[in-house]
Asker: 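Starting off with a structure, shown below.
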Amino acid sequence: MKKIESIILIVIILLIALFLIISNLHIFEDDIKADLPINFVLKISKIEDGLPKTKFTHQIVKYEGFQLSYNEENEQADWTAYILTKQMIKNSTAKRKDNFREDKNIITETANNNDYKKSGFDRGHLVPAADMKWSENAMDETFFMSNMSPQYPDFNRKTWKNLEEDIRNWASKNDSLYIFTGPYFGNSTTTIGKNEVKVPEYFFKAIYDISYPEYKSIAFFIKNENSAKDYKIFAITVDSLESLTGFDFLPKIEHVETIENNADINKWN
DNA sequence: CTGGGGAGC
DNA sequence: GCTCCCCAG
């Protein structure tokens, strides 16, 4: 074999090898989910590790069962975050007491009941009371006005409620979920009450199943309107929700991006 | 505090 | 029936 032919052969072999390496790398990236460490769930078992990264400097308050960031300008939270486990659902014993009240933990003061009275809007929970039934105190803290947003009655009592109920079902089947909930204002200028509580145009949820090995996530972005709709048609990826809201959920968690690009509602049942 | 509504199980 | 989301008085 001539020298020139040998060189061409070697180059061809190298090109084929390179192609195989690149394809394998690509496959590996798509399949990285399977390579997440078995203790992945432990890494994000603390709420502190999952707080969204935002440009805001609003007051963050930690309650027994959840955390929130309070936005004085809107007189409601930017987001709420908590973990919901199978065990919490199992230990659902607390009774709902409906003691809606101002939240003295908020330095700048919160909205109050009068702001919502006769407004035509429900005092909609961001963190549902029924998710905190594992503790009287945790449930009680969901009735702080810092956890309320003006929601249209049909949205709150039908569309949103159905989503919340299914999330509880998912939690009991999937061991533990990481849940973010919040309002999205868009160009809204509508306010209610003396404290001018801003009425959101949409509400969002981002949900992560952090149970090994079924890592998955899904998000919802639903219009705040007085009509009942099937929440399932508003399923989007967490990636999309992050683009829409500007929040980076679970920013400290390694590899979490690999589970944020899927919105298959059929994986949740 | 008690009364009520409506959806869903 | 019950629970869950609420409202008004």
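Just so it is clear, the structure is predicted and the values come from calculations on it, not from any experiment. Lettering of chains follows the sequences in order, A, B, ..., and the numbering in each one begins at 1.
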Asker: May I ask you to establish whether A:Lys205 and A:Phe220 are in a cation-pi arrangement, using a distance under 6.0 Å from NZ or CZ to the six-membered ring centre and at most 45° from the ring axis?
Answerer: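 The answer is no; the distance or angle limit is not met.
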
Asker: Is the shortest side-chain N/O distance from A:Arg157 to OP1 or OP2 of B:dG5 below 4.0 Å?
Answerer: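 Checking A:Arg157 against B:dG5: no side-chain N or O falls below 4.0 Å of OP1 or OP2.
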
Asker: If you find the nucleotide of DNA chain C closest to A:Phe121 and the one closest to A:Lys133, which residue's nucleotide is nearer the 5' end?
Answerer: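 Final value for this comparison: A:Lys133.
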
Asker: Given C:dC6, is OP1 or OP2 found less than 4.0 Å from the side-chain N or O atoms of A:Arg96?
Answerer: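 So the side-chain polar atoms of A:Arg96 do come within 4.0 Å of the phosphate oxygens OP1 or OP2 of C:dC6, strictly under.
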
Asker: Whole Å only: how far is the CG atom of A:Asn224 from the P atom of C:dC5?
Answerer: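 That distance rounds to 17 Å.
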
Asker: How is A:Tyr116 classified with respect to the nucleic acid when contacts are heavy atoms under 4.0 Å: base, sugar-phosphate, or nothing?
Answerer: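 If one applies the 4.0 Å heavy-atom cut-off, A:Tyr116 turns out to touch nothing in the nucleic acid.
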
Asker: When you match A:Ala130 and A:Ser119 each to their closest nucleotide on DNA chain C, which lands nearer the 5' end?
Answerer: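 This one resolves to A:Ala130.
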
Asker: When the distance from CG of A:Asn147 to P of C:dC6 is rounded to whole Å, what number comes out?
Answerer: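 It is 9 Å, rounded to the nearest whole Å.
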
Asker: Rounded to the Å, how far apart are A:Asn114 CG and C:dG9 P?
Answerer: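 One finds 13 Å between P of C:dG9 and CG of A:Asn114, rounded.
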
Asker: So what does A:Lys97 touch, heavy atoms closer than 4.0 Å: a base, only the sugar-phosphate, or nothing?
Answerer: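 The answer is nothing, as A:Lys97 stays clear of every strand by at least 4.0 Å.
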
Asker: Please report the distance, rounded to the nearest Å, between CZ in A:Arg168 and P in B:dG8.
Answerer: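 Value for this atom pair: 14 Å.
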
Asker: Contact class for A:Pro128 vs. all strands (heavy atom < 4.0 Å): base, sugar-phosphate, or nothing?
Answerer: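 The residue A:Pro128 makes sugar-phosphate contact but no base contact.
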
Asker: Checking A:His125 against A:Phe100 for the ring-ring contact (aromatic ring centres under 6.0 Å, His included) test, could you report, in this order, the C-alpha distance in whole Å, the side-chain angles of both residues, the deciding distance, and whether it holds?
Answerer: CA-CA 10 Å; A:His125 280 68; A:Phe100 295 92; 5.8 Å; yes

Asker: Check the orientation of A:Tyr184 and A:Phe221. Use parallel for under 30°, tilted for 30 to 60°, and perpendicular for over 60°.
Answerer: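 Correct class here is perpendicular.
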
Asker: Are OP1 or OP2 of C:dC6 and a side-chain N or O of A:His125 less than 4.0 angstrom apart?
Answerer: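 A:His125 to C:dC6 OP1/OP2: side-chain N or O found under 4.0 Å.
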
Asker: Could one point to a donor on the side chain of A:Lys117 or the base of C:dA8 with an acceptor on the other under 3.5 Å away?
Answerer: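 Between C:dA8 and A:Lys117, which were checked side chain against base, a qualifying N/O pair under 3.5 Å is absent.
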
Asker: When you check the gap from the basic side-chain N to the acidic O, do A:Arg168 and A:Asp131 get nearer than 4.0 Å?
Answerer: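 The answer is yes: the pair qualifies as a salt bridge.
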
Asker: Between A:Asn156 and C:dC6, does any side-chain N or O lie under 4.0 Å from OP1 or OP2?
Answerer: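 So the side chain of A:Asn156 is within the cut-off, an N or O lying under 4.0 Å from OP1 or OP2 of C:dC6.
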
Asker: Please state how far atom CD in A:Glu164 lies from atom P in C:dC4, giving the value in whole angstrom units.
Answerer: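 Checked: the CD to P distance equals 12 Å.
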
Asker: In whole angstrom, give the distance that lies between atom CG of A:Asn226 and atom P of C:dC6.
Answerer: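 Answer to the nearest Å: 14 Å.
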
Asker: Are the side chain of A:Thr245 and the backbone N or O of A:Leu241 linked by a donor-acceptor pair below 3.5 Å?
Answerer: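 Indeed, once roles are kept as given, a pair shorter than 3.5 Å links the two residues.
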
Asker: How many Å lie between CE on A:Met148 and P on C:dC6, as a whole number?
Answerer: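 Taking atom P of C:dC6 as the reference, CE of A:Met148 is at 7 Å.
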
Asker: Scan A:Lys158 against the nucleic acid and name what it touches under 4.0 Å (heavy atoms): base, sugar-phosphate only, or nothing.
Answerer: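 Sugar-phosphate: the residue A:Lys158, judged by heavy atoms under 4.0 Å, touches backbone atoms but no base.
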
Asker: State plainly whether the residues A:Asp103 and A:Arg101 are in salt-bridge range, i.e. N to O under 4.0 Å.
Answerer: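 Result for this pair is no, no salt bridge flagged.
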
Asker: Regarding A:Asn162, tell me which of base, sugar-phosphate or nothing describes its non-hydrogen contacts under 4.0 Å with the strands shown.
Answerer: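 Sugar-phosphate, backbone atoms only, no base.
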
Asker: Taking OH from A:Tyr152 and P from B:dA7, how many angstroms apart are they, rounded to a whole number?
Answerer: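 Between P of B:dA7 and OH of A:Tyr152: 20 Å.
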
Asker: Between A:Lys118 and C:dG9, is there a contact of a side-chain N or O with OP1 or OP2 at under 4.0 Å?
Answerer: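 Yes, within the criterion.
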
